Amino acid sequence: MVAIRGAITVDSNTREEILAASKTLLTGLITSNSLEIRQIVSIIFTATHDLNQAYPAVAARELGVTDAGLICMQEMRVEGSLPQCLRVMILAEKDMPQAAARHLYLKGAVRLRPELAGFFAVAIDGPAGVGKGTLAKKLAEALNFTYVDTGALYRAVAYFCIREGVSPDDPGRVESVLSKLEISAECVNNTQRVLLGGEDVTDSLRTPEISEASSKVAAIPAVRAKLLKLQRDIAEGANVVMEGRDIGVKILPFAQVKIYLDAGLDERARRRYTERAAEGIGADLGAIKRELEERDLRDARREDSPLAKAGDAVLIDSTDMSPWQVTEAALRIIHEKTGGLHGGIQAG
Ligand code: DC
């Protein structure tokens with residue numbers, strides 16, 4: 001039997017937020033301890049006195065925990081205690097030493113047990129061409145975290161398939177060449193390099209052809225399954241700012257900070273056009289707009305891990321904002337979510 005503990009804070013005393021936070025915490029504890037649902041014997045929840053609603057049982061049931069004993073209690077009023085906090089203890093029938101249990105203290109709760117908080121993750125999701133890369137790089141620099149561009153991993157898979165003569169439109173063949181795919185990422189001078197079997201292919205990944213092909217291979221569940229572990233492994237070994245489409249919902253559901261960056265299609269097309277023109281690449285605004293729109297539709301409609309805003313992500317609509325303003329807004333969000341406390345963040 002192993003006892004796994006965790007806590008998370010919420011920003012408002014609402015059903016929606018409390019439910020989302022309970023799920024984030026439970027999912028994080030289950031994933032980071034590789035628990036199987038059937039191993040969970042019981043879950044004890046507590047909520048601080050300033051939360052007058054709690055839905056831990058709903059959260060647990062919705063995650064598929066149907067057989068475990070569940071109990072929820074309200075904590076006493078304790079002078080100076082952390083406000084709006086949910087705590088949880090999972091008792092599981094798992095053959096692992098108690099010392100190996102991974103506990104999670106998320107959001108403002110980082111300050112309760114900074115030594116147990118593990119690494120810190122900022123998840124940034126949003127549609128194509130919205131400026132996730134620009135924001136994520138700036139944040140990583142400001143926080144001294146590792147920048148992770150997950151789109152580049154899907155791009156590298158697309159590049160690999162094309163090089164192998166496999167069409168991204170043929171899921172069966174893509175799946176069959178995946179066993180040959182050796183992909184890794186490393187951080188060099190604050191930039192991410194993607195390697196295929198040791199060969200650095202980073203500079204070949206940003207062409208329009210690879211953009212389209214990457215969105216196609218990204219819809220194939222076997223590709224997503226292969227990249228899931230790589231992405232989680234990176235976040236388990238470093239403080240990260242990770243950007244993509246499903247980071248907050250699927251890859252790092254327990255990320256301490258989640259941001260969903262959005263902007264209107266016309267503005268995104270205009271930005272991409274200016275970017276390509278500055279790089280001296282001939283660009284056609286109408287074609288760029290169509291390319292982004294098509295990719296967004298595919299990324300948002302696929303069945304496996306579509307582009308989505310996590311329930312506990314903060315939305316930044318950057319349509320009328322400069323890159324500098326977006327970075328400022330994101331840093332403010334990080335500051336608020338962590339109570340300005342970076343003591344819980346291990347140096348990157
Ligand atoms: O962010 P990007 O444009 O470099 O991503 C290229 C494609 O990869 C994108 O169209 C969808 C896919 N992708 C994904 O499905 N999930 C991610 N986490 C990141 C990218």
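Positions are given from 1, in the same order as the sequence printed here. In listed order, ligands and their atoms are each counted from 1. None of the values given here were measured: they were computed from a predicted structure.
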Tell me, which protein residue and heavy-atom name are nearest [atom], and how many Å apart are they?
atom: atom 13 (N) of ligand 1; result: Y154 CD1, 3.6 Å
atom: atom 1 (O) of ligand 1; result: R245 NH1, 2.9 Å
atom: atom 7 (C) of ligand 1; result: S214 OG, 3.3 Å
atom: atom 12 (C) of ligand 1; result: A218 CB, 3.6 Å
atom: atom 5 (O) of ligand 1; result: G151 CA, 3.5 Å
atom: atom 19 (C) of ligand 1; result: T150 OG1, 3.3 Å
atom: atom 4 (O) of ligand 1; result: R155 NE, 2.7 Å
atom: atom 16 (N) of ligand 1; result: R224 NH2, 3.0 Å

Do any nitrogen or oxygen atoms of [X] lie less than 3.5 angstrom from nitrogen or oxygen atoms of ligand 1?
X: D149; answer: no
X: D246; answer: yes
X: R302; answer: yes

Part of S215 within contact of ligand 1 (heavy atoms, under 4.0 Å) =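 Under 4.0 Å from ligand 1, S215 contributes backbone and side-chain atoms.
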Nearest atoms (heavy-atom pairs only) where V174 meets C161 |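 Of all heavy-atom pairs spanning V174 and C161, the closest is CG1-SG, 3.9 Å.
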Return a table of donor-acceptor pairs under 3.5 angstrom between the side chains of residues 322-331 and protein atoms on other chains or two or more places apart.
| from | atom 1 | to | atom 2 | distance (Å) |
| --- | --- | --- | --- | --- |
| S322 | OG | Q325 | N | 3.1 |
| Q325 | OE1 | S322 | N | 2.8 |
| T327 | OG1 | P323 | O | 2.9 |

Would you call E212 and K216 a salt bridge, using N to O less than 4.0 angstrom?
->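 Salt bridge between E212 and K216, a charged N being under 4.0 Å from a carboxylate O: yes.
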Inspect the contact between R276 and D284 and indicate whether a charged nitrogen and a carboxylate oxygen are less than 4.0 angstrom apart.
->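 Looking at R276 together with D284, the answer is no, because their closest N to O distance does not fall below 4.0 Å.
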When clusters are formed by joining ILVMFWY residues with side-chain heavy atoms under 4.5 Å apart, either directly or through shared neighbours, do I210 and L292 land in the same one?
->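 I210 and L292: separate clusters.
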Cut-off 3.5 Å, side chains only: do T46 and E75 have a donor facing an acceptor?
->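 Indeed, the side chains of T46 and E75 share at least one donor-acceptor pair under 3.5 Å.
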Report the residue from D299, D125, D296 that forms a salt bridge (charged side-chain N to carboxylate O under 4.0 Å, His left out) with R245.
->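 Per the salt bridge (charged side-chain N to carboxylate O under 4.0 Å, His left out) rule, the option paired with R245 is D299, out of D299, D125, D296.
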With rounding to the nearest 0.5 Å, note down the distance linking CG in D233 to NZ in K229.
->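 If we round to the nearest 0.5 Å, D233:CG and K229:NZ are 3.5 Å apart.
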Starting at CG of D266, measure out to CG of L285 and round the result to the nearest 0.5 Å.
->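 Between atom CG of D266 and atom CG of L285 there are 8.0 Å.
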For ligand 1, is R298 a contact, meaning one of its heavy atoms is under 4.0 Å away?
->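 Distance cut 4.0 Å: R298 fails for ligand 1.
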